[in-house]
Every structure is written in structure tokens, then in C-alpha cells.
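We name chains A, B, ... by the order of the sequence lines, and we start the count at 1 in each one. Here the structure is a predicted model, which means the values were calculated and not measured.
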Amino acid sequence: MSTQGRDRHERDASWLFLPQRKEHHLRRNKEFQTVYRQGRFFASPDLVLYCLPQEDAQKSRIGYSVARKAGSAVTRNRVKRRMRELVRHHAGKLPSSGYDFVLLARQAAVDKSFQVLETTYTTLISRFLHWCNQARRH
RNA sequence: UGAGCAGAUCGGGUGGUCGCGACAGGAUCUUCGAAAGAGGCCUGUUGAGGAAAGUCCGGGCUUCGUAGGGCAGGGUGCUGGGUAACGCCCAGUGAGGGAGACCUUAAGGCUAGUGCCACAGAGAGAUACCGCCGUAGCCGCUUGAAAGCGGAUGCGGUAAGGGUGCAAAGGUGCGGUAAGAGCGCACCAGCAGUCAGGUGACUGACUGGCUCGGUAAACCCCACCCGAAGCAAGACCGAAUAGGGGAGGAAUGAAGCUGCCCGCUGACCUCCCGGGUAGGUCGCAUCAGGCAUCGGGUAACCGAUGUCGCAGAUAAAUGACCACCUCGCGAUGUUUUCGUAUCGUAUGACAGAACCCGGCUUACAGAUCUGCUCAGCUG
RNA sequence: UGGGGAAUCGUCUAAUGGUAGGACUGCAGACUCUGGAUCUGCCUGUGAGGGUUCGAAUCCUUCUUCCCCAA
């Protein structure tokens with residue numbers, strides 16, 4: 001990478017993958033449905049990570065989902081905020097382009113603390129990266 | 001000190017690191033752009049509730065409809081007031097509950113009409129089953145005869161007693177009578193009228209004839225109120241694809257209805273127009289606003305003055321981590337107990353704004369304040 | 001977010017305010033060498049609280065749960 005490019009990279013934050021920002025969120029119900037239907041998933045008792053490769057996408061996007069059965073509005077919001085915090089903390093581990101993700105919380109995730117969710121999330125991500133490498137080899 | 005009643009307030013605090021939404025400003029570094037500007041960047045400010053909930057009422061606002069009135073349908077239902085309005089609030093009245101502070105109350109009209117009151121019971125707008133009493137003839141007993149006693153039957157009186165039932169035609173007592181009955185009297189309850197007080201619901205006094213079941217959260221009657229739908233309302237911009245309208249060319253017109261003529265439909269290309277989907281922008285937060293003081297009012301509330309500016313998302317912004325403090329809770333140690341030490345714990349209640357307000361209802365760990373009642377003890 | 005509707009045995013459904021009925025299922029018995037079919041009997045219910053009424057599945061009210069529509 002040239003010095004010019006690095007300057008540009010440092011100053012322009014739009015190049016970075018900041019998944020807490022709005023433009024990296026999945027917004028439309030249709031997009032969620034396509035990810036569920038055509039994507040691959042990695043599951044644990046607490047969380048499920050769906051992913052779908054998008055070849056022409058400049059930025060990866062991620063959506064969060066908590067079922068209505070999981071609890072009241074307060075608990076659902078809390079879980080969603082924790083998931084968003086997880087993604088922000090481990091932003092560098094996900095590819096910054098070419099994928100749509102959906103992170104779905106199961107009912108067991110309601111009672112879990114942030115640290116427990118963090119460990120399960122990291123294992124999910126490592127499994128996802130392992131799958132990526134396998135796919136690239138083929 | 002204990003038990004309780006009513007009302008009001010709060011719903012952890014301080015600080016730090018990283019991060020999110022909105023608004024304002026800055027710089028002109030960078031991306032897009034012809035520019036204006038937008039995004040990124042930097043700085044600052046600000047960011048959930050008492051119920052934000054349920055969606056049970058009422059209003060604003062928007063679109064549609066509408067001359068006016070009525071019917072239908074729905075709602076409310078003691079009186080007076082408050083309010084933008086309400087099924088809400090305040091004050092009062094009646095009824096019920098509590099020892100009391102106080103609480104509860106859909107509480108107009110069955111004397112406008114209709115319906116219903118199962119089972120039981122003789123009878124549930126009407127009654128005589130068992131009874132009680134009178135009377136008529138008959139039978140039996142007794143007797144010299146009459147009278148008397150008993151029995152069944154017919155006719156009549158009665159609503160005392162029995163029984164049924166949630167409820168049986170005012171209740172209790174005395175008189176009265178063949179037996180009874182408000183038939184008469186006293187008290188009580190109810191009804192009607194007159195007078196007095198009150199704006200009124202109603203209350204009090206007197207008089208009267210003595211009386212006429214319950215049910216309207218049954219139909220209904222009476223009084224008052226109500227147009228419908230909802231911010232995903234509505235307004236504006238508007239891609240792709242398909243389709244619509246117009247003009248011109250093709251055109252001295254392809255093809256079809258049809259063998260011919262008229263007539264009708266009308267292939268392909270270019271330009272223009274409007275509707276409208278995806279999507280986007282606005283609507284979108286300055287208010288029937290909060291707080292303080294003063295004045296009016298018993299109060300709800302109203303008026304005046306001053307002051308404050310207090311969320312605005314749209315897969316939906318408040319989170320993660322750390323330190324300390326305070327109250328509570330739990331565990332452990334010590335102690336007869338009071339207590340005290342250490343550790344853990346804000347996962348330590350209910351719960352997340354979605355167009356905006358006024359109420360109601362429901363959920364809620366814990367803490368605080370004010371007034372009042374009852375009981376016990378002490379002075 | 002807004003609007004609309006429903007709740008009756010394990011399931012599907014009836015029931016003017018007056019004993020909650022029927023079908024299927026389940027259990028027991030009879031019949032049969034055994035099973036099925038058939039017959040007989042039994043079990044099991046008004047979503048929760050409060051009110052009106054002599055009496056509520058039903059009327060009124062407050063909650064709970066579920067479903068549908070608008071996208």
C-alpha cells in the first residue's frame with residue numbers, strides 16, 4: 001500500500017468497517033428473507049449467525065433479530081443492544097465487504113450475561129472464518 | 001408503642017473509557033457533485049416513563065362526506081359545578097359497609113305499555129290444596145222428642161295457621177268477629193298531598209285514605225350526546241418494467257372483420273403528456289406545556305405576572321466495561337440478643353417514546369413526607 | 001404502530017338467563033380362541049377476577065391468552 005493510499009485510509013472513515021453505523025445495517029424485510037433462505041448458518045444454543053455472500057457489495061451489512069417470543073420489548077431491546085456491542089467489539093474479525101449477515105438471538109440468550117455471549121460469538125466467528133477458507137480452497 | 005385510613009413525592013447518585021440517535025456550529029482535509037450542497041471529520045448541547053403498557057373513553061389534527069330536519073343504530077344515566085371534551089375530576093344527596101379515620105355505589109322511570117319469574121307449589125296480576133267458619137239437605141250415634149255430636153257432599157265466607165319457594169299482597173301488638181281481614185287503633189315501613197328549608201338531588205313537619213310483588217347490566221319510555229375513517233391519516237417528488245392519451249412519420253398504408261365497396265380495429269419508429277408501483281421527503285414536535293408567586297373559588301379549576309425550553313427513532317437511537325458512595329438484600333465469621341466485620345449484589349420492581357394531548361384501567365422492589373383514626377402504656 | 005375478532009371436555013362443535021348436550025378420542029365391561037367391528041357404562045369442560053340477578057356459559061365490567069387485517 002502506498003503512502004498516499006494509507007493517508008487516504010486513515011482520514012476517510014467511510015472505508016473502515018464500522019458495523020454500528022446505519023449504512024451497514026440490513027433494513028428491509030426482503031433482505032432478511034433472502035439471507036435466511038439462501039444463506040448459510042452457524043448455530044449455538046444462544047445465538048445464530050446467518051451469512052450470504054454478495055459478490056458486488058462494497059460494504060458488508062449486518063442485521064439483528066430477536067423473536068417476539070423471547071420476551072417483552074425491554075428484554076428484546078437489551079439483547080439487541082448486546083449483540084450490536086458484540087459486533088462492534090469484534091469488528092475486525094468479519095470481512096468488511098462481500099457479505100450480508102444476520103445475527104439472531106434465541107430465547108436462551110435472554111438470561112446470559114455479556115461475557116458468556118462474547119465467548120459464543122467468537123466461536124461462531126471462528127467457525128465462519130474456517131468455512132470461508134474451505135470455500136476459497138475449493 | 002402497636003394496628004390502620006387518606007393524600008402526595010421519588011423510582012439510585014457521582015466520575016471515567018469506548019460507542020449510538022438528533023440538533024447547532026466549525027474547518028475546507030477527503031468522497032460524490034458543474035455548482036449549491038450532501039456524506040465523512042472536529043467541537044458543543046441533548047436523549048424514555050409513572051405508568052412510555054393495555055387501547056377502555058374523550059379531544060386536537062388530516063382526508064372523505066354533508067342545505068336543514070327526522071328515522072335507524074350506538075352511548076351516557078342521583079344533583080350542582082369544572083373542562084376543549086369525556087364513560088374523567090371536584091363538591092354535595094340517597095343507599096350499603098366499618099368500632100373509627102374512612103370506604104363502596106350503572107343510583108332516572110315497572111303508578112306508560114309488553115315480556116319473564118325454571119323446579120317446587122293450590123296459586124308467581126292472580127289463587128283456595130290442607131285448614132278455619134257459616135249454611136243446605138242426607139247418613140250414623142244418642143234421645144220419648146227437640147237439641148247435640150260425628151261423617152261425607154253441595155253452596156258460600158276467609159287469607160289468621162300449614163306447606164312450597166329468592167319472593168305469597170304491608171310488619172308487630174291490642175281490639176274486633178261466625179271465622180277472619182287496615183275492619184278499627186298504636187308504633188314502624190311505604191305511597192299521595194300541603195307547608196317550610198335548599199339552585200338542586202333531597203330533608204323536616206303535618207294531613208290523608210290505609211296500600212298496588214320482583215326484574216329495565218329484559219324489551220322499552222324519558223332526558224342529553226354522537227357523520228366516517230385514521231399519521232401505514234394526508235401532501236409532495238418519483239426509477240425499472242408493463243400499459244394509457246396526443247402529434248408526426250411509415251402512408252398513394254401491412255393484416256383482420258369479408259368475395260367486393262363503405263366503415264371499424266390497427267402493425268413499426270420518433271417526440272411529448274399525465275396516472276402510478278418500489279423507494280424517498282415532508283407531516284414531526286411551541287405546547288388545552290412545565291415550574292414559582294399572587295388573586296378568585298369549599299374544591300376540581302380559572303385568571304394575571306415572571307421564568308424555563310424538555311426525545312424525535314423508522315429492523316427503530318440509551319449499550320459495554322470500571323471506580324467510589326448511599327439504602328436494601330443474601331452468604332459467612334463473632335455474639336445470648338441488640339449489634340458489628342468481610343464478601344457478593346443495581347440481573348435491586350414494573351417496564352421502552354413512535355402524530356400529539358386529557359383521563360381511566362392494569363403492573364410495580366423499595367424509600368420518604370403530611371394529615372387523621374382506634375387500642376394499650378406513661379405523665 | 002393502528003384496526004378487527006375469538007375463547008365451552010384431549011379434539012370438533014350445540015345450548016330463550018333455569019340439570020352444560022352431541023360426535024370422535026380415552027378407560028372399563030360384554031361378545032370372540034385372539035384382535036377388529038358392534039353393544040353397554042364411565043371419565044373429562046364454560047380462560048381469570050369482580051358485579052347485576054332468586055339463579056349467569058349467556059348480561060355488564062376489568063384483565064389474560066390466541067388469531068386475523070393494514071405493510
Side-chain angles (χ1 to χ4, degrees):
Chain A
M1 191 182 282
S2 65
T3 49
Q4 200 179 357
R6 194 188 294 147
D7 280 353
R8 187 180 164 192
H9 208 186
E10 278 171 0
R11 284 179 188 158
D12 180 16
S14 65
W15 266 79
L16 293 171
F17 182 50
L18 296 170
Q20 66 270 27
R21 292 264 165 75
K22 259 194 216 169
E23 67 262 20
H24 297 277
H25 288 183
L26 278 183
R27 310 295 278 277
R28 297 284 148 205
N29 194 20
K30 256 182 207 168
E31 298 166 351
F32 274 82
Q33 293 305 323
T34 55
V35 171
Y36 287 141
R37 206 161 293 151
Q38 301 170 17
R40 184 165 278 276
F41 68 92
F42 305 92
S44 77
D46 305 333
L47 302 172
V48 185
L49 182 72
Y50 287 82
C51 65
L52 179 67
Q54 298 275 2
E55 295 295 334
D56 52 344
Q58 295 291 319
K59 297 166 180 174
S60 284
R61 295 181 303 174
I62 184 157
Y64 309 90
S65 180
V66 190
R68 190 164 173 188
K69 275 188 184 174
S72 66
V74 174
T75 60
R76 276 182 279 132
N77 274 342
R78 188 166 54 232
V79 170
K80 214 181 253 187
R81 284 188 196 122
R82 280 187 180 152
M83 290 198 292
R84 218 175 282 139
E85 192 67 18
L86 286 173
V87 172
R88 189 177 73 82
H89 268 266
H90 304 280
K93 293 179 183 170
L94 286 177
S96 64
S97 66
Y99 285 95
D100 279 350
F101 299 99
V102 172
L103 188 59
L104 183 133
R106 289 180 162 173
Q107 196 153 12
V110 169
D111 306 321
K112 300 290 162 55
S113 69
F114 182 77
Q115 283 78 13
V116 173
L117 292 180
E118 199 166 22
T119 56
T120 61
Y121 179 69
T122 48
T123 58
L124 283 183
I125 285 201
S126 62
R127 282 167 63 191
F128 163 70
L129 291 173
H130 183 72
W131 173 75
C132 278
N133 291 332
Q134 291 245 326
R136 212 167 289 157
R137 225 168 284 157
H138 285 303

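- In this pair, A:Phe32 lays its aromatic ring flat on the base of B:A315, centres within 5.5 Å and planes under 30 degrees apart.
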B/S/- contact track for nucleotides 349-355 of chain B, protein heavy atom under 4.0 Å
--BB---
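- Atom pair A:Arg88:CZ and B:G319:P shows a separation of 13 Å (rounding to whole Å applied).
- B:C284 sits 39 Å from B:C294 when the P atoms are compared, rounded to a whole Å.
- A straight line from NE2 of A:His90 to C1' of B:C18 spans 13 Å, rounded to a whole angstrom.
- If you take atom C1' in B:G283 and the same atom in B:C20, they sit 26 Å apart, rounded to whole Å.
- Nucleotide B:G163 forms no Watson-Crick or G-U wobble pair with any nucleotide shown, as no partner meets the under 3.5 Å limit on both distances.
- Residues A:Val87 and A:Val116 are members of separate hydrophobic clusters, defined by side-chain heavy-atom contacts under 4.5 angstrom among Ile, Leu, Val, Met, Phe, Trp and Tyr.
- Rounded to the nearest Å, the gap between the P atom of B:A349 and that of B:A367 is 14 Å.
- The ring pair (Phe, Tyr, Trp, His ring centres under 6.0 Å) with A:Phe101 is formed by just one residue from the set A:Tyr64, A:Phe42, A:Tyr50, A:Phe128; it is A:Phe128.
- In this structure, B:G4 forms a base pair with B:C372, meeting either the Watson-Crick or the G-U wobble geometry with both donor-acceptor distances under 3.5 Å.
- Taking atom CD of A:Glu118 as the reference point, atom C1' of B:G319 lies 14 Å away to the nearest angstrom.
- Atom pair A:Lys80:NZ and B:C20:C1' shows a separation of 14 Å (rounding to whole Å applied).
- Shown here, B:G134 forms a base pair with B:C155; the pair counts as Watson-Crick or G-U wobble because both key distances fall under 3.5 Å.
- As a whole-Å value, the separation of A:Leu86 CG from B:C321 P is 10 Å.
- Between B:C321 and A:Gln115, a contact under 4.0 Å exists linking OP1 or OP2 to a side-chain N or O.
- Distance check on atom P: B:G77 versus B:C350 gives 36 Å, rounded to whole Å.
- Taking a pair to require two hydrogen-bonding distances under 3.5 Å in either a Watson-Crick or a G-U wobble arrangement, B:U336 remains unpaired.
- A gap of 42 Å separates the C1' atoms of B:A205 and B:C219, to the nearest Å.
- Base-pair partner of B:C41: B:G26 (Watson-Crick or G-U wobble, both distances under 3.5 Å).
- For B:U127 and B:G170, the P atoms lie 16 Å apart once the distance is rounded to whole Å.
- Look at the C1' atom in both B:U104 and C:U52: the space between them is 15 Å, to the nearest Å.
- Annotated as anti: B:C231, whose glycosidic dihedral deviates from 0 by more than 90°.
- Positionally, the nearest nucleotide of RNA chain B for A:Gly63 lies more toward the 5' end than for the other of A:Glu85 and A:Gly63.
- Between A:Arg82 and B:A320 there is a side-chain N or O to OP1 or OP2 distance below 4.0 Å.
- A:Phe101 has its CZ atom 17 Å from the C1' atom of B:A315, to the nearest Å.
- A:Ile62 has its CD1 atom 16 Å from the C1' atom of B:G19, to the nearest Å.
- A distance of 11.5 Å separates CG in A:Asp46 from CG in A:Leu104, rounded to the nearest 0.5 Å.
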How far apart are the C-alpha atoms of A:Glu85 and A:Arg81, what are their side-chain angles, what is the distance that settles it, and do they pass the side chain to side chain contact (heavy atoms under 4.5 Å, CB included) test?
CA-CA 6 Å; A:Glu85 192 67 18; A:Arg81 284 188 196 122; over 6 Å; no
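- Atom CZ of A:Phe114 is separated from atom C1' of B:C322 by 14 Å (rounded to the nearest Å).
- Taking CG of A:Leu47 as the reference point, atom CZ of A:Arg82 lies at 11.5 Å (rounded to 0.5 Å).
- Comparing the C1' positions of B:C119 and C:C31 gives a spacing of 42 Å, expressed to the nearest Å.
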